[in-house]
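Read the structure below first, then the notes.
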Amino acid sequence: MPVFRTARVRRALVAVLLSCALLAGATACGGDGAKEAGPTPVNSAEQQKFAKTRFVANAGLAAGATYQWIIKPYREGKFKQGADGRTLALVKAGLAGAFTYNRLKAAVNNAKGDELLSKAVAPLTDGIESLKNLGTKLRKGEATDADIGNFEKMINDVKTAGASAGAEVKDQVPSTSQLGG
């Protein structure tokens, strides 16, 4: 029996030592009661810079997707009945339409962080909202010349608004995995 008691005592001693070590480690991490570390507040100038940067990134992805998978294939006639690869082109265009709408909404949201950019983009929100169902129309092959033209015009308007506020937007073609994600 003495061996049994010794093992039990050892286990209890190890448990107490581990508990003390964990407690000491947690106390050491807590500091001397000073304010806990957290996200550092961003000043107004930094917030505006990030707003423009994020606007440019989101609008650039929207523009790239629109050109690569909607406008370019449309001009090449890939959406026409009987065209080679039509189904795949329509599916990609539908995904690109939904992706573009999502990125444009994000860009408008980003623009709210910059006063000048916000004013430049504000008139475009209704136009962007009108694109909401275009992805579905494209995917089903129901998009018209006017729909494609409206999409292209909206992208150009966003680029122009960004440029007028000092946030030049350049096309950035997203990967096909980004379209589906």
Side-chain angles (χ1 to χ4, degrees), residues 39 42 44-181:
V42 178
S44 171
E46 287 177 326
Q47 188 175 15
Q48 287 178 348
K49 180 181 176 187
F50 291 137
K52 278 186 177 181
T53 302
R54 289 175 28 213
F55 169 83
V56 168
N58 282 317
L61 285 169
T66 299
Y67 180 74
Q68 183 70 28
W69 286 295
I70 298 173
I71 295 168
K72 185 176 160 188
Y74 180 78
R75 288 182 180 156
E76 292 172 354
K78 290 190 177 185
F79 297 159
K80 291 183 179 174
Q81 197 77 26
D84 246 4
R86 178 177 187 252
T87 303
L88 182 60
L90 288 171
V91 169
K92 284 182 179 180
L95 289 171
F99 177 84
T100 297
Y101 171 76
N102 179 282
R103 292 299 85 208
L104 288 175
K105 292 291 284 183
V108 167
N109 194 35
N110 298 143
K112 292 176 184 173
D114 181 82
E115 189 176 330
L116 185 59
L117 191 54
S118 179
K119 288 177 185 175
V121 175
L124 303 176
T125 54
D126 289 340
I128 292 170
E129 202 55 43
S130 72
L131 301 176
K132 189 173 191 172
N133 297 319
L134 190 55
T136 304
K137 284 175 102 176
L138 285 164
R139 196 170 25 253
K140 291 181 177 180
E142 300 169 353
T144 64
D145 292 346
D147 292 326
I148 302 298
N150 189 27
F151 224 131
E152 187 172 21
K153 180 186 178 320
M154 185 52 51
I155 291 297
N156 289 332
D157 289 349
V158 169
K159 285 178 162 184
T160 302
S164 73
E168 186 181 346
V169 176
K170 295 181 181 178
D171 291 7
Q172 298 175 17
V173 179
S175 67
T176 50
S177 63
Q178 284 177 304
L179 286 182

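The NZ atom of Lys52 lies 6.0 Å from the CG atom of Leu116; values are rounded to the nearest 0.5 Å. Atoms OG1 and CG, from Thr144 and Asp147 in turn, are 3.5 Å apart once rounded to the nearest 0.5 Å. Expressed to the nearest 0.5 Å, how far CG of Asn102 lies from CG of Leu131 amounts to 12.5 Å. Atom NZ of Lys105 and atom CG of Asn58 lie 13.0 Å apart (nearest 0.5 Å). One distance of note links CD of Glu76 with NZ of Lys72; it measures 6.0 Å at 0.5 Å rounding.
At least one side-chain heavy atom of Ile71 sits less than 4.5 Å from a side-chain heavy atom of Arg75. Side-chain contact between Leu61 and Phe99: present, with at least one pair of heavy atoms (C-beta onward) separated by less than 4.5 Å. Considering only heavy atoms from C-beta on, Trp69 comes within 4.5 Å of Val173 through its side chain. Leu134 has its side chain within reach of Lys137: a pair of non-hydrogen atoms, C-beta onward, lies under 4.5 Å apart. Asn110 is not listed as a side-chain neighbour of Thr53, based on a closest heavy-atom distance of 4.5 Å or more.
Listed by first and then second residue, the side chain to side chain donor-acceptor pair (under 3.5 Å) pairs that reach into residues 88-101 are Thr66-Thr100, Tyr101-Glu129, sequence neighbours excluded.
No more than 12 heavy atoms of other residues, nucleotides or ligands sit less than 6.0 Å from atom CD of Glu168.
Residues Lys78 and Ala89 share a closest heavy-atom pair of CB-CB, 4.0 Å. Considering every non-hydrogen atom in both Leu117 and Gly162, the closest pair reads CD1-CA, 4.0 Å. Residues Pro174 and Gly64 come closest through the heavy atom pair CD-C, 4.1 Å. Here the shortest heavy-atom pairing between Gln68 and Pro73 reads O-CD, 3.4 Å.
Looking at Asp114, its side chain never comes within 3.5 Å of a backbone N or O of Ala111 through a donor-acceptor pair. A donor-acceptor pair under 3.5 Å is formed between the side chain of Gln178 and the backbone N or O of Ser175.
In this structure Leu124 satisfies the side chain to side chain contact (heavy atoms under 4.5 Å, CB included) test together with Ile128, Met154, Asp157, Val158, Ala161, sequence neighbours excluded. Under the side chain to side chain contact (heavy atoms under 4.5 Å, CB included) criterion, Val169 pairs with Phe55, Ala59, Lys159, sequence neighbours left out.
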